[in-house]
Amino acid sequence: MKLVDLKFQPGIDKQDTAYSAGDQRKYVDSNFVRFHYGKPERWGGWTYLPDPNKSIVGVVRDTHSWIGLDGTRYLALGTDRKLYLFSGSALYDITPIRETEALTNPFATNGTTTVTVTDANHGADEGDFVTFDSFSAIDGLDMNNEFEITTYVDANTYKVTHTSAASGSTASGGGTGNANYQINIGPTSSTFGYGWGVSTWSLSTWNTPRTSSTVTIAARTWSLDNFGEDLIATVLNGSTYIKDISGAIDARATALSNAPTASRFSLVSTDTRHLMIFGTETIIGNAATQDDLLFRFSDREDATDYTPVATNEAGSLRISDGSRIVGAVKSSGQILVWTDTSLHGVQFVGTPFTFGLRQLGANCGLIAQHAAIEINGRAYWMSDNAFYMYDGVVKKMPCSVQDYVFDDLNYTGRGDTTCGLNTAFNEIIWYYQSANGLSIDRAVAYNYLENTWYTVTEGRTSWLGAYVYEKPIATKYFGTVANVSTILGLTGGSSEIYEHESGNNQADGTAISAFLTTGSVEIADGDELMSVSKLVPDFDNLANNMTATLTLEQYPQSASNVSTTGTISNTTEKVDIRGRGRAVKIKYETNTVDDTAWRLGSTKLQLRPDG
């Protein structure tokens, strides 16, 4: 009886049936298994970057790293609720202050933990953050803390929650102090807007909110870049802010002078140092004039000058194809800009026009602001129903997991999709929300050198390649309350920051459950029954036990299949099997703490004819 090497191809194929994929010697399913140099290997682990007790408030939607002029490394993170700066081992809240109000006796207590605050035209929403300072204690409560606004009462009143109950009831107290309001928070995730007037005319009765909707409310996202060593941060449909790194590291970001007040996102042109602001106002300072297809650029080397005159290079351009600008990336010699339907190139042409605009592709729009990436002059992105690349020509990418991804994609939450680069393994990873997912819960990865695909059932809300930090940085959102004791009355979820390809386990010390499944390989072309008697394993770096489950099948839809399982260690020479069928498929699986990044070689079976 001879040993047969099945010679499986790299990558996962979910487009074909298990039998069809097996005929072509392909793998059909996996989790936490990548393909590197043509062979499958287990994912690396991840560890906490900062102390896990220093959780991020909200869901992180963008990250950006850079090095200051003095060599200090910085990592900026924008969430739906906050803006953070991480440096060294410390995490700083640099969320901009929207307004500071001087108040006198604004607090009212009632013997509980609830404190009512009176501030005429406070402009705050439920969930916003306010920090009080210089006030006197009221009924035993120190109000000089940061609070989340837990209840919006009206335009002049709101409520916060203290950690202790007041010792009495006071209608107006606290003396004189300041209320520092942070910028308004945004939606945690993209969702349908249910309310009045969101559906067809006369669908229901007056004053009744609709139960269905076609109006999508976009999640709060950020775009982060650096102008020199300073951080530029633009919030979706909001203002642009700057964090001066030369000042105190814990100082908050401030509004960028003379910049538009309502824009979709921004980036800094690499060669010419213009700050480009997309989906912005036709009249700077008037948010009602926001045009989702207009973009402005500042004067060269001056991020505060947007007024075009004969002596500067400021100006604006408008894209005509699409309904909104979605995202942009820097590329070789140009900036690539996507709308929801098309791709455009923006190139520096010098005075008097400064930048030129040309369309590069149609019907190839971008699915989300952070769903495109550029690698060595080539751009890759995820659209509404396919993956595309641009290398001088827009091309639709063949994808062996396309139906798996797009047939189970949550189109309401598609704008939350994000992607990143893992240069050590030549991978682009897109993280997205499945149809029934409450948040991002899946990933699809593409090896751009080997043209292979695989999928992962894991969620990350942002991914940053190993540019400044030695390893990739990613964030994950949890629905539990953030572990931030300095904010009182905190609700909502929190995020953790992970350093990937670090160790072999999850950050909390639990095992990473990895598996790999082959297609159904027909034995002797499926013409006759065969007996399988031996599996010869071939692995590198297998520190702990692995299970191999072989399923012998009579026909593609047969219900009488027989499965047998063997245990493989790093000393296993062979696994004895007893089974017969016309086809066989194999599932390798590990789920052990401190496992290594095992790598699978060839798969050999001992076969013989069986009547």
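Fair warning: this is a prediction, and the values are worked out from it, not measured in the lab.
- A donor-acceptor pair under 3.5 Å is absent between the side-chain atoms of Tyr152 and the main chain of Ile149, judged by distance alone.
- At least one donor-acceptor pair closer than 3.5 Å links the side chain of Ser172 to the backbone N or O of Asn105.
- Annotation for Leu83 and Thr95: closest pair N-OG1, 3.0 Å, computed over non-hydrogen atoms.
- When the side-chain contact (heavy atoms from CB on, under 4.5 Å) test is applied to Gln506, the partners found at least two apart in sequence or on another chain are Trp46, Asp508, Thr510, Ile512.
- Taking all atoms of both residues into account, the shortest heavy-atom contact from Leu236 to Ala219 is CD2-O, 3.4 Å.
- Side-chain atoms of Arg61 come within 3.5 Å of backbone atoms of Thr188 as a donor-acceptor pair (strictly under, hydrogens ignored).
- Applying the ring-ring contact (aromatic ring centres under 6.0 Å, His included) definition to pairs two or more places apart or across chains, those involving residues 52-81 are His64-Trp66, Trp66-Tyr74.
- Listed by first and then second residue, the salt bridge (charged side-chain N to carboxylate O under 4.0 Å, His left out) pairs involving residues 423-434 are Arg34-Glu427 (not counting sequence neighbours).
- Pairs engaging residues 66-90 under the salt bridge (charged side-chain N to carboxylate O under 4.0 Å, His left out) rule: Arg73-Glu470, Arg81-Glu148, Lys82-Asp93, Lys82-Glu146 [sequence neighbours left out].
- Note: Trp338 and His344 fail the aromatic proximity criterion, with ring centroids not under 6.0 Å apart.
- Under the 3.5 Å distance criterion, with hydrogens and angles disregarded, no donor-acceptor pair is assigned to the side chains of Ser189 and Ser439.
- By the 30° and 60° cut-offs, the orientation of the rings of Phe132 relative to Phe107 is perpendicular.
- Here the two rings, on Tyr48 and Tyr498, have centers that are under 6.0 Å apart.
- No more than 12 heavy atoms of other residues, nucleotides or ligands shown are found within 6.0 angstrom of CG on Leu438.
- The existence of a salt bridge linking Glu499 and Lys471 is excluded, since no basic side-chain nitrogen approaches an acidic carboxylate oxygen closer than 4.0 Å.
- Judged purely by distance below 3.5 Å, without hydrogens or angles, the side chains of Asn286 and Thr289 never pair a donor atom with an acceptor atom.
- Within the structure, salt bridge (charged side-chain N to carboxylate O under 4.0 Å, His left out) pairs that include any residue of residues 219-230 comprise Asp225-Lys330 (at least two apart or interchain).
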When the side chains of residues 415-424 are checked against the rest of the protein, which donor-acceptor pairs come out under 3.5 Å, sequence neighbours left out?
residue, atom, partner, partner atom, Å
Asp416, OD1, Ser190, OG, 2.8
Asp416, OD2, Ser190, N, 3.2
Thr417, OG1, Arg414, O, 2.8
Asn422, ND2, Glu501, OE2, 3.1

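- The backbone N or O of Lys159 sits less than 3.5 Å from a side-chain atom of Thr150, completing a donor-acceptor pair.
- The minimum heavy-atom distance between Asn184 and Gly123, with the atom names listed, is ND2-O, 3.2 Å.
- Between the side chains of Thr161 and Thr113, no donor-acceptor pair is found at a separation under 3.5 Å.
- For the salt bridge (charged side-chain N to carboxylate O under 4.0 Å, His left out) condition, no pair includes a residue of residues 118-142, sequence neighbours left out.
- Judged by distance alone, with hydrogens and angles left aside, the side-chain atoms of Thr261 form no donor-acceptor pair with the main-chain N or O of Ser239 at under 3.5 Å.
- The six-membered or imidazole ring of Phe297 lies near that of Phe355, with a centre-to-centre distance under 6.0 Å.
- Using a 3.5 Å distance cut-off with no hydrogens or angles, the side chains of Glu313 and His274 do pair a donor with an acceptor.
- Figure legend: cation-pi geometry between Arg378 and Tyr448 absent, as NZ or CZ is not positioned both under 6.0 Å from the six-membered ring centre and within 45° of its axis.
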Can you list the steps and then say if Trp43 with Asn504 is a side chain to side chain contact (heavy atoms under 4.5 Å, CB included)? CA-CA 8 Å; Trp43 259 37; Asn504 300 294; over 6 Å; no

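- Not counting sequence neighbours, the partners of Thr280 by the side-chain contact (heavy atoms from CB on, under 4.5 Å) test are Pro260, Ser263, Ile277, Leu294, Arg296.
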Would you please test Trp463 and His500 for ring pair (Phe, Tyr, Trp, His ring centres under 6.0 Å) and show each step? CA-CA 10 Å; Trp463 180 285; His500 271 257; 4.7 Å; yes

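- Checked by atom type and distance alone, the side chain of His162 never pairs as donor or acceptor with a backbone atom of Thr112 at under 3.5 Å.
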For His370 and Tyr431, what are the C-alpha separation, side-chain angles and deciding distance, and is it a ring pair (Phe, Tyr, Trp, His ring centres under 6.0 Å)? CA-CA 10 Å; His370 299 300; Tyr431 287 95; over 10 Å; no

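- Between Trp222 and Tyr241, the ring-plane angle classifies as tilted under the 30° and 60° cut-offs.
- The only option from Asn226, Ile94, Asp244 that meets the side chain to side chain contact (heavy atoms under 4.5 Å, CB included) definition with Leu231 turns out to be Ile94.
- Annotation: ring-ring contact (aromatic ring centres under 6.0 Å, His included) contacts of Phe425 (sequence neighbours excluded): His36.
- For the residue pair Ser257 / Thr304, no side-chain donor-acceptor distance below 3.5 Å is found, with atom types taken as modelled.
- Listed for the Ser383 side chain is a donor-acceptor partner under 3.5 Å among the backbone atoms of Gly365.
- Proximity of a side-chain donor or acceptor of Ser134 to a complementary backbone N or O of Asn178 within less than 3.5 Å is not detected.
- Taking CG from Asp292 and CG from Asp340, the interatomic distance works out to 9.5 Å, rounded to the nearest 0.5 Å.
- Taking the six-membered ring where the residue is Trp, the centroids of Phe265 and Phe278 are separated by under 6.0 Å.
- Partners of Thr100 under the side-chain hydrogen bond (donor to acceptor under 3.5 Å, both in side chains) rule, at least two apart in sequence or in another chain, are Asn180.
- Between the Tyr92 side chain and the Arg252 main chain, no donor and acceptor come within less than 3.5 Å of each other.
- Taking each heavy atom of Ser167 and Gly140 in turn, the nearest pair found is OG-N, 3.9 Å.
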Decide side chain to side chain contact (heavy atoms under 4.5 Å, CB included) for Tyr411 and Gln433; before the verdict, give the C-alpha distance in whole Å, the side-chain angles of both, and the deciding distance to 0.1 Å. CA-CA 8 Å; Tyr411 276 85; Gln433 184 177 347; over 6 Å; no

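- When all heavy atoms are compared, the tightest approach of Ala371 to Ile367 is CB-CG2, 3.7 Å.
- The aromatic rings of Tyr446 and Tyr380 sit tilted relative to each other, their planes meeting at an angle between 30° and 60°.
- In this structure, the ring of Trp381 has its center no less than 6.0 angstrom from the ring center of Tyr390.
- One distance of note links CD1 of Ile245 with CD1 of Ile249; it measures 6.5 Å at 0.5 Å rounding.
- In this structure Asn312 satisfies the side-chain hydrogen bond (donor to acceptor under 3.5 Å, both in side chains) test together with Asp305, sequence neighbours excluded.
- A pairwise comparison of heavy atoms in Lys243 and Ala248 identifies NZ-O, 2.8 Å as the closest pair.
- Under the rule for a side-chain hydrogen bond (donor to acceptor under 3.5 Å, both in side chains), Ser65 has no partner lying at least two apart in sequence or in another chain.
- At distances below 3.5 Å, at least one donor-acceptor pair connects side-chain atoms of Ser269 with backbone N or O atoms of Arg273.
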